[in-house]
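Structure record follows, encoded as structure tokens.
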Amino acid sequence: MESVMNEPQLIQSLQARGLIAQTTDAAALDALLAEKSVTLYCGFDPTADSLHLGHLVPLLTLKRFQLAGHRPIALVGGATGMIGDPSFKAAERKLNTPDVIASWVDKIRGQVEPFLSFEGENAAIVDNNYNWFGQLNVLDFLRDIGKHFSVNAMIKKESVQQRINRDDVGISFTEFSYSLLQGYDFAELNKRYGCQLQIGGSDQWGNITAGIDLTRRLNQQQVFGLTQPLVTKSDGTKFGKTESGAVWLDPKKTSPYKFYQFWLGTSDADVYRFMKFFTFMALDEINAIEAADQASGTKPEGQRILAERATELVHGHDALVAAQRISQSLFSEDQGSLTEDDFEQLALDGLPTVTLSREQGSLIDALVAGELATSKSQARGFIESGAAVVNGAKVTELTYAMGDADRRFGRYTLLRRGKKNHCLVIWQ
RNA sequence: GGGGGGAUUCCCGAGCGGUCAAAGGGAUCAGACUGUAAAUCUGCUGGCUCUGCCUUCGAAGGUUCGAAUCCUUCUCCCCCCA
């Protein structure tokens, strides 16, 4: 047999990081993982043109398994994405068109790949469940797959209860059938690749157990499931959201600078926990940082370290350096010391910019053009409340027009709204 | 197929012929404080050529001096019965 370097007690180590919500037959799973290189999978449905922070935990967990010598499969849900997972969703979602979904599938595949290694004995696999569902006809589906599911049991699942019980929402047959598809994925991956473990968020428990049952019935194989806690914030608000919506992994949708800033804003109560979730740092190291922060009595280092590690992990070293450059220019240094080159670099690094002609000096218009305000009314409100800052100086004059005195090096103006929303105006 | 209920501003949710850009709550945003925290307090939250005007209460028509509120048709959703 090949010599696989299985990390001992992978499960225990995941548990110590708080990355496990539940597993099926923990003892047997533990034994299996210790015995050999196991093939495992996690599904990613194309519900948008990019993955977001919520997807990062299972994605990194696939990597953790791979690092421990196991073989990960990232399954992109070209078929399941056309149906929509109803698990714990309050309402029926509207369907997207097949070609939109197909384009999302491509993007998501591209986002997943950089996280995994496609070399060596446990090289990762990326597959798409459209490959087996695309050709499946209705009668075969109902006879071969549907026959193994009990509606009585499906209705009892907690993940659909709120849709069954509430009297103002319902659930369509389409979404109700979703777990059959995901269940069949597991059986199919088991047949194709010998896949024996499925991981996912804790909301996936019902779908995962459906797959385990189906695999046993179709393939007579015992397979396992492992779910991970959904990331929560200590203040109860939803994790991974900013004013402009979700934090995406696609740098075009959420710039590395914004991404870095997002982590920097993590609350003290969450930061060390998130380090365990979103970095590969050793537990000892994280605990040491926490202890040092607690002892220091000043501003903690945890947020900075988390932001650095997470940004580098997702966007790479260069993007991290750029994000830090922007952050430093905007928040720490005296902005008066910025050189002309610095301004150019800020634009290159991804600080939001807007190009205006010299006649358009109106501050209100510039705030709107720079997307620091969504309307002129809102821009007025910001100026009145003292939230508008031009080159570091607060401006409260509603009709303020920027002139040559506001143009650094004749062509740059740094606009700020509130504490941390910046835009670089380039004058033409 | 039959019967009943519903669709309100970002979300929940009041309003049920004028005093409604529409209560209340949530969330966001902003200000103070601060560590680009947390907690707390304060304020804003349809748009504009802004003492006024325009658009909005599922869609389209209608009644009326006047409609989110009444009528008609339509679309979508939910529940119950068959």
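Since the model is a prediction, treat every value here as computed from it, not as a measurement. Note on naming: letters A, B, ... go to the chains in the order of the sequence lines (proteins, then strands), and numbering restarts at 1 for each one.
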* Please answer whether the main-chain N or O of A/Leu283 pairs with a side-chain N or O of A/Asn287 as donor and acceptor at a distance below 3.5 Å. => yes
Under a 3.5 Å limit on both distances, the Watson-Crick or wobble mate of B/C76 is B/G6
For the C1' atoms, the ones on B/G43 and on B/A27, what distance do you get once it is rounded to whole angstrom? 16 Å
Taken to the nearest whole Å, CG/A/Leu264 to P/B/A38 is 12 Å
| What interatomic distance, in whole Å, is found between C1' of B/G25 and the corresponding atom of B/U45? | 15 Å
For B/G18 and B/C70, measure between their C1' atoms and round to the nearest Å. 14 Å
Ring pair (Phe, Tyr, Trp, His ring centres under 6.0 Å) test vs A/His315 passes for just one of A/Tyr260, A/Phe262, A/Trp263, A/Phe259, namely A/Phe259
Atom CD1 of A/Ile305 and atom P of B/U36 are separated, to the nearest Å, by 16 Å
Do A/Asn219 side-chain atoms and A/Ala187 backbone N/O form a donor-acceptor pair below 3.5 Å?
yes
Paired with A/Leu415, the side-chain contact (heavy atoms from CB on, under 4.5 Å) test is passed by just one of A/Asp406, A/Leu372, A/Asn391, namely A/Leu372
Please list each protein N or O that sits under 3.5 Å from an N or O in nucleotides 31-35 of chain B, with the distance.
from  : atom 1 : to       : atom 2 : distance (Å)
B/A32 : OP2    : A/Lys419 : NZ     : 3.1
B/G35 : O6     : A/Asp268 : OD2    : 3.1
B/G35 : N1     : A/Asp268 : OD1    : 3.3
B/G35 : N1     : A/Asp268 : OD2    : 2.7
B/G35 : N2     : A/Asp268 : OD1    : 2.9

| If you measure from the P atom in B/G62 to the same atom in B/G1, how many Å do you get, rounded? | 30 Å
Whole-Å distance, A/Ile364 CD1 to B/C48 P, equals 10 Å
Between CZ of A/Phe382 and P of B/G43 the distance, given in whole Å, is 18 Å
P atom, B/A22 versus B/U28: distance in rounded Å? 24 Å
At 4.0 Å (heavy atoms only), tell me whether A/Gln378 reaches a base, stays on the sugar-phosphate, or touches nothing.
nothing
Rounded to whole Å, the CD1-C1' distance (A/Ile171 to B/C77) equals 15 Å
Between the side chain of A/Thr311 and the main-chain N/O of A/Glu308, is any donor-acceptor distance below 3.5 Å? no
*A/Glu312 (side chain) donor-acceptor with A/Arg309 (main chain) under 3.5 angstrom*: no
Taking the same atom, C1', in B/C53 and in B/A60, what whole-Å distance lies between them? 26 Å
Contacts of A/Ser172 and A/Gln261 projected onto RNA chain B by closest heavy atom; the upstream (5') one is A/Gln261
From CD of A/Gln324 across to P of B/U36 the rounded distance in Å is 16 Å
Between CG of A/Leu414 and P of B/U36 the distance, given in whole Å, is 17 Å
Check your understanding: Is the distance from OP1 or OP2 of B/C29 to the nearest side-chain N or O of A/Asn421 less than 4.0 Å?
Key -> no
Checklist entry - Is any side-chain N or O of A/Ser375 closer than 4.0 Å to OP1 or OP2 of B/G47? => result yes
*asked:* If you compare every side-chain N and O of A/Ser377 against the phosphate oxygens of B/U45 (OP1, OP2), does one of them come in below 4.0 Å?
replied: no
- Give a yes/no verdict on a cation-pi contact between A/Arg64 and A/Phe280, requiring under 6.0 Å between NZ or CZ and the six-membered ring centre and an angle within 45° of the axis. yes
Say we look at B/C44 and B/U49: how far apart would their P atoms be, to the nearest angstrom? 22 Å
Partner of B/U56 under the Watson-Crick or G-U wobble criteria, both distances under 3.5 Å, comes out as none
message: For the P atoms, the ones on B/G15 and on B/U69, what distance do you get once it is rounded to whole angstrom?
response: 14 Å
Treating A/Asn421 as the side-chain partner and A/Arg416 as the backbone partner, does any N or O pair qualify as donor plus acceptor under 3.5 Å?
no
A/Phe274 atom CZ is separated from B/A38 atom C1', nearest whole Å, by 14 Å
